[in-house]
Each structure stands twice: as structure tokens, then as C-alpha cells.
Amino acid sequence: MMREYRTIQEVAGPLMLVRDVENVTYDELGEIELPSGERRRCKVLEINGSDVLVQLFESTAGINLRDSKVRFFGHSLELSVSGDMLGRVFDGMGQPTDGGPDILPEAKRDINGLPMNPAARDYPNEFIQTGISAIDGLNTLVRGQKLPIFSGSGLPHANLAAQIASQAKVLSADSNFAVVFAAIGITFEEADFFRTEFERTGAIDRTVLFINLASDPAIERIATPRMALTAAEYLAFDKDMHVLVILTDITNYAEALREVSAARKEVPGRRGYPGYLYTDLATMYERAGRRVGKNGSITMIPILSMPEDDKTHPIPDLTGYITEGQIILSRELDRKGLRPPVDVLPSLSRLKDKGIGKGKTREDHADTMNQLFAAYARGKECKELMTVLGEAALTETDKKYAKFADEFENTYVHQNSGGAKEYTNRPVVETDGVKGTLEIGWDLLTILPKAELKRVKPELIDKYYPNGEQG
Amino acid sequence: MVADDLADANMFDVVRVGRQRLIGEVIEMRGDKASIQVYEETAGLGPGDEVVTTGAPLSVELGPGLIETIYDGIQRPLEDIMKIGGEVIDRGVEVPSLDRTKKWAFEPCVQKDEEVEAGDILGIVKETVSVEHRVMVPNGVKGKVKEIKSGEFTVEEIVCVLEDGDGKTTELSMLQRWPVRIGRPYKEKKEYEDSTEPIITGQRVIDTFFPLAKGGTAAVPGPFGSGKTVVQHQLAKWSNVDIVIYIGCGERGNEMTDVLREFPELKDPRNGESLMKRTVLIANTSDMPVAAREASIYTGITIAEYFRDMGYDVAVIADSTSRWAEALREMSGRLEEMPGEEGYPAYLTSRLAQFYERAGQVYTLGNENLMGTQKREGSISAIGAVSPPGGDISEPVSQATMRIVKVFWALDSSLAYRRHFPAINWLNSYSLYLGRVSEWLDSNQCPGFSNVRQRAMTILQDENKLEEIVRLVGVDSLPPSDRLTLEVARHIREDFLQQNAFTDVDSFTDFDRQFKHLNIILLYEELSAPIVERIDMDKLFNIPALEALGRAKYIPVEAYEKEYNKIEEDIREQISSLERGALA
């Protein structure tokens with residue numbers, strides 16, 4: 001029998017103190033019934049003797065200390081999961097909002113998950129083709145990786161993410177592919193953009209959407225990404241699907257966490273965020289990956305907007321320490337009109353070396369990638385020198401590098417021939433008359449003298465260096 | 001968490017909590033109330049749950065079977081947990097740290113009636129092809145050997161019985177326990193003057209420019225993306241030590257998987273065996289409980305000390321100590337302690353110092369005259385990664401670490417953007433062992449080492465100054481001699497310092513080869529310097545031998561000596577022909 005408590009002692013911010021409670025446990029899920037009969041959910045944060053501190057997932061408005069009742073369910077927050085979730089839309093707490101029928105649960109899962117045993121992880125090494133050269137060629141995404149997009153307000157990160165979701169594919173085989181999308185405190189407009197994009201590209205049928213809008217309770221945001229990941233884990237490891245999880249925007253999530261931490265009067269860390277932000281983010285991000293003996297995988301693309309474009313802000317900083325690289329969007333390239341405005345030098349994919357090369361993409365991929373990086377970095381330095389000293393001060397080689405940097409941005413990074421919204425779906429290797437990413441890379445390298453290509457093995461230069469007909 | 005009626009527990013005793021028997025540790029006591037830090041996720045615990053003390057502080061099990069195992073922060077073998085609980089780590093799993101069923105071939109080294117004391121080697125077990133496990137008399141035990149067995153035993157079976165002067169007997173198995181927060185005893189630390197031998201890591205920038213002495217301490221700080229973990233992995237792979245303890249402390253799960261999958265494939269350059277055969281892994285990834293992360297560092301160093309006591313050179317590699325400090329901060333916050341700098345507890349520095357102080361070269365316990373051995377020596381070298389928030393090393397963990405360690409390999413994100421790896425900045429890094437190590441190298445392996453190293457370093461420092469001038473006035477206005485310095489510095493940077501961890505040949509360079517390589521670059525400088533004023537610089541900077549030099553690091557190991565000699569000859573010849581051309 002479930003006991004009801006009418007002993008709410010105090011309510012402050014999203015927190016509530018309940019007296020004389022028996023037999024509750026940490027993290028247990030509860031429910032508050034208002035005098036009006038409305039029910040709201042909450043979870044146990046702290047227990048001190050018989051006093052229990054609970055955190056509400058919704059607003060505290062209308063809670064009456066005398067007449068409201070609290071019940072505890074004896075288990076922590078769970079999500080009912082099922083293969084039928086595909087194509088459905090849920091709110092931030094996992095309730096369907098698309099007017100469809102309730103989900104018949106195939107299983108119920110604790111949304112906090114359990115840490116994955118490092119010995120049971122399988123190393124991600126399957127190349128995912130996104131059709132974006134700056135990612136495929138230079139910062140390759142592989143299955144089971146977590147690769148965030150560091151963006152800023154006003155930058156087209158949503159387009160990039162939506163496009164990756166709709167055109168990402170694995171070269172080797174066709175397989176069950178699904179997208180789990182969690183909107184965390186974003187505007188209706190942005191959420192609607194994703195929904196329309198998924199519908200337009202037909203991705204919606206294999207997509208699960210969890211939507212917590214900016215107008216929804218902020219505290220709910222703490223649960224939303226975990227809901228999404230629980231659904232993703234079910235689809236990946238019980239249903240053998242390859243799941244791409246997109247979480248946007250992590251900054252809103254961290255702010256919700258800060259709100260709860262402040263209400264609990266915890267000692268704040270940097271910029272008021274709680275000291276456990278790293279661990280908290282890690283328990284989310286680390287749920288991406290592959291497991292030994294399972295066919296499915298979870299690949300994660302969290303999106304976060306860097307306040308003031310500052311990479312050292314705690315949220316991007318801690319994220320970068322957990323994730324396997326980052327894709328950084330640059331305001332400068334965006335102003336130049338480059339689409340997508342991926343800043344390739346500070347961007348990084350830590351797992352790229354395992355996903356490229358012979359048998360995966362092409363044998364020359366790694367060498368040309370390093371060469372392009374080095375040449376672009378040097379070209380940018382030369383361009384800086386040029387602005388200070390004028391073109392005459394550069395040596396012949398340096399001028400070539402400067403030219404290379406410009407061309408690189410315009411033809412390699414920029415690929416907006418498919419209209420304002422869409423980037424060309426550019427394969428890695430040449431197919432069907434479309435210029436492949438690697439080919440464009442080689443064309444660009446012909447700008448430089450052959451002797452400068454120190455990072456490419458001589459035999460690969462002989463094999464792949466474009467002869468005469470330069471692009 | 002607070003528990004009542006625990007008056008019979010001691011501080012830092014391990015306890016079991018609740019129905020799931022979660023593992024915890026007593027960290028505070030007031031009257032009969034004890035605060036307990038639980039090493040696992042506490043969801044589902046509630047008041048009224050039972051707390052049982054085990055009566056012992058957090059300890060590790062030491063004995064054959066450690067090598068090649070992957071443990072979590074409190075020494076639970078992850079492979080075994082996987083067999084029980086599947087791919088996720090369930091709470092409260094209980095698995096013995098060492099396999100209780102496996103039989104090891106024990107070969108005694110002592111005879112009946114011999115007098116032995118703590119630290120003496122009773123017998124050996126061939127644990128892996130690379131490691132001979134020396135079973136020692138546990139601390140605090142001595143006496144006359146009453147019985148010693150030979151043959152196949154599990155770790156718990158009795159292999160030796162000792163009898164002390166009073167006729168009391170002690171039965172010894174191969175298994176011992178040791179509390180992790182207490183350093184294992186040794187006879188004495190080796191004198192400063194005597195510990196001069198460097199660890200050869202095969203990484204050119206480290207071995208040549210910022211060497212680490214055996215038993216030394218080093219820190220690798222750097223912002224994310226600067227290649228900290230790759231540097232740590234390289235050290236774990238190639239250092240010429242006997243045992244490597246790799247602690248993945250609060251870092252990425254996939255990185256540990258990488259180590260797990262890659263190490264067995266790699267060959268130890270010293271004996272051609274798999275690298276895993278000398279490695280113990282401790283993995284407490286960032287999604288695993290924070291309290292166990294705090295313990296993982298101690299678990300690692302205690303296992304290291306155990307191997308040190310056998311007389312081995314051990315390297316402890318901790319990635320990353322910042323995550324460990326954060327775990328300390330989180331726990332301190334929960335205890336509502338008064339925070340020090342940036343919320344870290346006031347005892348952060350002393351704890352860090354205690355950890356690094358457990359490194360060093362020592363003379364181990366044990367009878368000197370037994371088995372005709374000399375004083376047994378062992379060493380622990382500790383290398384810790386530091387992950388400063390935002391790459392700013394003015395934060396407390398970096399600063400505290402810098403005060404303790406003797407070698408500092410500063411990683412630099414701007415080098416990383418240029419794909420200069422390892423991104424160790426040669427201007428900011430330092431090694432306080434340099435003097436001692438150079439002396440040793442000068443007199444043992446590479447006469448003239450210190451001069452060559454100093455010359456190369458000067459060129460790099462000059463380059464830094466010259467670059468500032470170039471930024472202001474352009475490269476054309478520099479005199480030829482300075483242009484030469486820039487050119488030589490570029491070769492040192494690109495051909496020598498840059499090292500690709502992902503190619504087979506370049507991943508590891510033995511010391512003689514490094515020395516030879518650097519010598520060739522300096523030979524070019526030496527030959528060019530007197531004539532650079534007189535001849536066409538473009539020709540001098542582009543002689544064909546330099547291109548060969550640029551690719552020299554990819555020459556396979558078998559062929560390098562011949563090829564390097566050829567490059568050297570070519571440089572001599574091409575420069576002198578340029579000189580003749582200029583005269584004619």
C-alpha cells in the first residue's frame with residue numbers, strides 16, 4: 001500500500017522538504033497531488049533521518065503546504081521503452097505528446113542507467129559518412145563516438161546537426177539506423193525546424209523525439225537527456241539498431257543543474273556551476289559507445305552554444321574533456337558566408353585514426369589529412385603575416401601557402417551548392433560524377449610544391465597525385 | 001551517509017551497506033555515528049539499511065595474477081564483473097581481486113631451516129613470459145623456514161611455514177593484503193647522487209630534451225585536444241621499465257578500451273613479448289562512481305610498490321590527477337568541509353604530495369646476503385596528467401603539482417592545432433633531472449650528449465626570438481646567419497621533435513638513433529654556418545639531402561644506421577660542392 005504524506009514542511013525554488021517520511025530511498029520517484037487534484041512528479045535528493053528533501057520536475061506554483069499530498073513509488077524515475085517509440089514525439093518526461101496512443105512498454109528502464117564496464121566496451125572503428133567534407137575528411141566521425149558541436153548563438157549548428165542526422169550512413173553495409181533527438185530547453189521554432197527537417201527528409205519514421213521547450217519547466221531538463229539516452233540504449237542494445245543521439249542544447253541542461261545546485265546551497269565551482277558538473281556530464285556522455293557482443297551502437301552529437309564563443313567556459317571545457325573530440329563552428333567563417341562554417345584547426349576527432357585508411361576509406365586518407373591540416377595552419381599564418389607586412393614580404397612558398405588557405409576554405413570547407421539550407425552531400429571517394437572529399441583534397445595540394453608534401457608517403461604521392469589536369 | 005551504532009568500526013574501515021551490499025568507507029566519526037562514503041551509486045539506499053563493517057581499511061590483494069588484469073578503482077576485476085553482470089557494472093558486485101582457482105607453479109628459493117625476514121623472496125612464479133613474480137615474506141613476519149613447498153598452488157594455498165624463536169608458526173600463502181593509503185615500507189631511499197639513470201621512453205622530445213630519471217616524478221598538463229592521453233599511452237607502451245601500472249582515473253571509457261585492445265598487440269621493444277604481459281590496468285572511467293575514483297590512485301600506487309619491493313622498475317601512469325582532485329572536491333563538498341581554493345579542500349596539496357612522494361628509487365626490505373644478491377633495488381616513476389580547466393595552469397591542481405614534480409612536459413594547444421605532435425612545448429617544459437641524466441649519458445652511452453642537447457636547445461630558443469623580429473620586419477631583412485638558424489630550427493622541430501605515435505617506425509626511437517639524428521641536423525648547421533654569407537641561400541636550404549633527412553624518421557629500424565650515414569655523407573658532399581661552385 002502506498003502511503004501518502006501531508007507533512008510538506010517547506011517549499012523553496014524547485015525543492016521541497018517533507019517530514020516524518022518512512023522507507024524511502026535515494027533517488028526514489030514521488031508524486032505530489034495538489035488540492036486541485038493535479039499531479040506533479042518529484043524525486044528524492046536527500047534523506048536526513050525522517051526528513052526528506054525532494055526535487056520537483058515541474059513548477060512549485062500552487063503547492064499548498066497544508067493540503068498537498070506526497071506519495072513515493074518505491075522505484076526511481078523510469079521510462080517505458082518499446083520498439084514502437086520510433087516515429088513518436090514525447091515531452092521532456094517521456095509522455096507522448098503527438099496525440100498517438102500510449103506506448104505499450106516492452107520494458108521499464110531506470111533513466112540513470114548503469115556505468116558501462118570498460119572491459120565490455122568495443123572500440124569504435126566504423127567510419128560514418130556524413131557528407132560534410134570538413135567532418136569526413138578531417139574530423140571523421142565513427143560509430144559509437146561522442147562528438148559534440150561547439151557553436152555560438154546565431155550560428156547554423158541546427159542545420160548541420162539535422163543534415164548529419166538525415167544523410168549519415170555507414171559505407172560497409174545497410175543496417176538498422178535510428179535517430180533519438182532530445183530538445184533541451186530550446187525554442188519552439190528550433191524544435192519545429194528539426195521536426196520539419198526530419199519529416200522532409202523522411203527521417204521521421206526512424207526518429208524518436210523528446211522535446212522540452214524553453215517554456216517548459218527548467219528542472220524537467222535534468223531528466224530529458226537521460227530519457228533520450230535510455231530510449232537509445234534500448235534501441236541500440238536490445239533492438240540491435242545503430243542509434244544517433246542528438247542532444248541540444250547542453251548549455252540549457254547545465255543551467256538547470258546549476259539552478260538545483262544553488263537551491264540546495266551547495267558550494268559552487270566555476271561560474272556558479274556545481275563542482276560535480278564534470279561527473280554529471282560524464283554519466284550522460286559516457287553512455288555512448290559500442291558493447292562487445294552487441295550489434296547496435298550509440299553515436300552521440302551533443303550541441304552546445306558557448307557563451308561569448310568562449311571555449312574555456314566550464315560547459316564546453318568539461319565537455320571537451322569527456323567527449324572524443326569536438327567540431328567547432330567559427331563566427332568568422334560564418335561571416336564570410338562559408339557553409340558549414342566548421343573551424344577545422346581547433347576541431348578534432350580523437351577516434352578518426354581508427355575509422356579511416358585502407359579498407360575503411362582509402363589508404364591515402366590519413367596522410368592527406370595531416371598534410372591538409374599542416375598546410376592550412378601554415379597558410380593561415382602566412383596570411384596573417386601578409387596583413388601585417390604586405391604580400392611582398394612573403395617568400396614564393398609562403399605565397400603559395402596563403403593561396404592554399406583561401407582555396408581550402410572556399411572549396412573544401414564550403415560546400416553550399418544545394419540551396420541555402422542544405423550542404424552538398426559529398427561522398428569521401430569519387431562516385432557518380434560527384435567529386436569526392438579526398439579528390440578535392442588532392443586538387444588543393446597541387447597548389448603547393450611537391451617537395452612540401454612531407455607528410456604524405458612517397459608511394460602515395462605517386463599513386464594519387466593528380467597528373468596535369470588540375471582542378 | 002551517516003550510520004548509527006558503529007562504535008566498533010575504525011576510521012577508514014571498509015563497510016558494506018544495505019541489501020545490495022554496496023562498498024563504502026568510514027570517513028568521519030562522531031560518537032557512535034560514522035559518516036560513510038559509499039563507493040557506488042547510492043540510489044535505492046534509505047534509512048534503516050544495515051551497515052556492516054569488515055574491520056579492515058581499504059586494502060588491495062597482492063599476489064600472482066595481477067599482471068594483465070583490468071581493475072576498477074577498488075580493485076575489482078572488470079573482466080570477471082562482466083562475466084557476472086554483463087556489459088554494465090551492477091552495484092554491490094563482489095568478486096575476488098585475484099583468481100582463487102588458478103594454479104601457479106611455485107618454485108622455492110629458500111631452503112628448510114633458513115632464517116628469513118620481511119621482504120625476503122620465498123620463491124618465484126612465472127606470472128607471464130615477461131614477469132617473474134617474486135613471492136616475498138609479508139611485512140612484520142620473520143623466522144626460520146619450517147616447511148617450504150614446491151609445485152602448483154592457488155594463491156590461497158599454504159606454500160611456506162615459518163617458525164619464530166618462540167616456536168610460534170606462521171603459515172604463508174602467495175597472497176598478501178596491504179592497505180592502500182599507507183605506503184609499503186622499504187629499507188631506505190636511494191641517495192640522490194646515485195639515481196641518475198634515465199628512463200628511455202623512445203619519445204625524442206622527452207628523452208633528448210626533458211628526460212625523466214628512474215624513480216622520478218613528472219606531470220603532463222594540457223588543455224583538451226593537446227594530446228595528453230596519447231603521450232601517456234606512448235609512455236606506457238615504450239618506457240624501458242619492468243612493470244607499468246596504468247590508472248585511467250575519471251577519463252573516457254573508450255580510451256581504456258583502446259589500451260585494452262591495443263596493448264596485447266604491441267611488442268615490447270626489449271624482449272618482443274606483448275606489452276600487456278607487463279601491464280596492470282586500473283580503470284575508473286568518468287561515469288563510474290566518484291569515490292572509487294578517489295581510491296583508484298592509491299590502489300595503483302600500492303600495486304606498484306609491491307612490484308617495486310620485488311626489485312623491479314615500475315612506472316605508474318595516472319590519467320588524470322585533475323579528475324582525482326575533483327573527486328576529492330566532490331567528497332569534501334558532501335562532507336560540508338570548509339573549501340580552500342576554487343572549492344578544492346585545503347588538504348589537496350598535501351594529498352597530492354603524499355601520492356608523488358611514494359615514487360622514488362629505493363633499497364627494498366629483505367636480507368642482503370640471501371641468494372647471494374646485493375642490496376635489492378626497485379623504483380617507481382610516477383607520471384601524472386593534469387587537465388587544467390580551460391588550459392589555464394594557474395588553477396590549484398596544476399600549481400600544486402608543479403611544486404612537487406621534477407619534470408614538467410607542458411602541452412601546448414597551438415602546437416596541437418598545427419598538428420605538431422607530441423605537442424610538448426620546448427620553451428615552457430623543464431626537467432630538473434637534466435643535469436644528472438646528462439652526466440650519466442655523457443659517461444655511459446653517448447659521449448658528448450650534453451653539448452649536443454645544449455646546442456639544439458639554444459637554436460630553438462634563438463628561433464623564438466628571431467620569430468618575433470620576423471613578425472615585425474619580415475624574413476628578408478634578417479642576415480644570412482639568422483636565416484640559417486631559423487632553417488635549422490625548423491628541421492629540429494619538423495624532423496626531430498615531431499613524432500607520429502600512429503606509425504609503426506616512428507612511434508618508438510631508441511636513444512642511439514635519436515642522438516645520431518640530432519647530430520646530423522647539427523652537422524648541417526656546423527658545415528653551413530661558415531659559408532652561409534658567401535653562397536646562395538636558396539640552394540643551401542634546399543640541398544636534396546635535407547629532404548632525405550625530413551623522411552629519415554620513417555626509415556625502418558634495421559636500415560637506419562646505413563641510411564643515416566649516407567645522409568650524413570650526402571650533406572657533407574652537397575655542401576662542399578656548393579662551396580666549390582661559389583668559389584669557381
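Convention: sequence-line order gives letters A, B, ...; per-chain numbering from 1.
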Side chain from CB out, backbone as N, CA, C, O: work out which of these in [X] comes under 4.5 Å of a heavy atom of chain A, or both, or neither.
| X | value |
| --- | --- |
| B/Asp495 | side chain |
| B/Met288 | both |
| B/Leu281 | neither |
| B/Glu79 | both |
| B/Pro544 | neither |
| B/Ile81 | both |
| B/Arg261 | side chain |
| B/Glu87 | both |
| B/Val230 | neither |

Determine the option with the most heavy-atom pairs under 4.5 angstrom with chain B, choosing from [options].
| options | answer |
| --- | --- |
| A/Pro346, A/Gly144, A/Ala451 | A/Pro346 |
| A/Ala120, A/Ser50, A/Ala377, A/Pro115 | A/Pro115 |
| A/Lys354, A/Glu28, A/Arg378 | A/Lys354 |
| A/Lys457, A/Lys454, A/Glu266 | A/Lys454 |
| A/Asn370, A/Asn48, A/Asp317 | A/Asp317 |
| A/Ala375, A/Pro124, A/Gly289, A/Ala374 | A/Pro124 |

Quick check: does any side chain N or O of [X] sit under 3.5 Å from a backbone N or O of [Y], one acting as donor and the other as acceptor?
| X | Y | answer |
| --- | --- | --- |
| A/Tyr321 | B/Glu251 | no |
| B/Arg252 | A/Ile322 | yes |
| A/Asn117 | B/Ile89 | no |

Hits for ring pair (Phe, Tyr, Trp, His ring centres under 6.0 Å) against A/Tyr26, two or more places apart or cross-chain, chain-then-number order -> none
Among [options], residue most engaged with chain A (heavy-atom pairs, under 4.5 Å):
| options | answer |
| --- | --- |
| B/Gly250, B/Ser414, B/Pro388 | B/Pro388 |
| B/Asp90, B/Leu260, B/Asp258, B/Ile70 | B/Asp258 |
| B/Glu342, B/Glu330, B/Lys228 | B/Glu330 |
| B/Glu326, B/Glu547, B/Arg551 | B/Arg551 |

B/Arg418 to A/Phe373 six-membered ring, cation-pi geometry met (6.0 Å, 45°)
no
Could you grab the distance from atom [atom1] of [X] to atom [atom2] of [Y], nearest 0.5 Å is fine?
| X | Y | atom1 | atom2 | result |
| --- | --- | --- | --- | --- |
| B/Ser413 | A/Leu348 | OG | CG | 11.5 Å |
| B/Leu78 | A/Met116 | CG | CE | 13.5 Å |
| A/Tyr278 | B/Ser387 | OH | OG | 7.0 Å |
| A/Asp280 | B/Ser286 | CG | OG | 11.0 Å |
| A/Thr323 | B/Phe224 | OG1 | CZ | 7.0 Å |

Looking at [X], I want to see if its [atom1] is surrounded by more than 12 non-hydrogen atoms of other residues, nucleotides or ligands under 6.0 Å.
| X | atom1 | result |
| --- | --- | --- |
| A/Glu308 | CD | no |
| A/Asp51 | CG | yes |
| B/Glu467 | CD | yes |
| B/Asp392 | CG | yes |

With sequence neighbours left out, what residues match A/Lys311 under side chain to side chain donor-acceptor pair (under 3.5 Å)?
B/Tyr417
Nearest heavy-atom pair of [X] and [Y]: which atoms, and what distance?
| X | Y | value |
| --- | --- | --- |
| B/Thr285 | A/Pro118 | CG2-CG, 3.9 Å |
| B/Arg419 | A/Leu345 | NH1-O, 3.5 Å |
| B/Pro339 | A/Val267 | CG-CG1, 4.0 Å |
| A/Ala392 | B/Asp476 | O-OD2, 4.4 Å |
| A/Val388 | B/Arg471 | CG1-O, 4.0 Å |
| A/Thr279 | B/Arg293 | OG1-NH2, 3.4 Å |

Side chain / backbone / both / neither for [X] at chain B, heavy atoms under 4.5 Å:
| X | result |
| --- | --- |
| A/Gln326 | side chain |
| A/Glu46 | neither |
| A/Pro274 | neither |
| A/Tyr276 | both |
| A/Thr395 | side chain |
| A/Val44 | neither |
| A/Arg270 | side chain |
| A/Leu114 | both |
| A/Asp122 | both |

Is a donor from one side chain sitting under 3.5 angstrom from an acceptor on the other, for B/Gln498 and A/Arg455?
yes
Exactly one of A/Lys146, A/Arg350, A/Gln145, A/Glu286 clears side chain to side chain contact (heavy atoms under 4.5 Å, CB included) with B/Asn254, and that residue is A/Lys146
Would you call B/Val88 and A/Arg291 a side-chain contact if the rule is heavy atoms closer than 4.5 Å?
yes
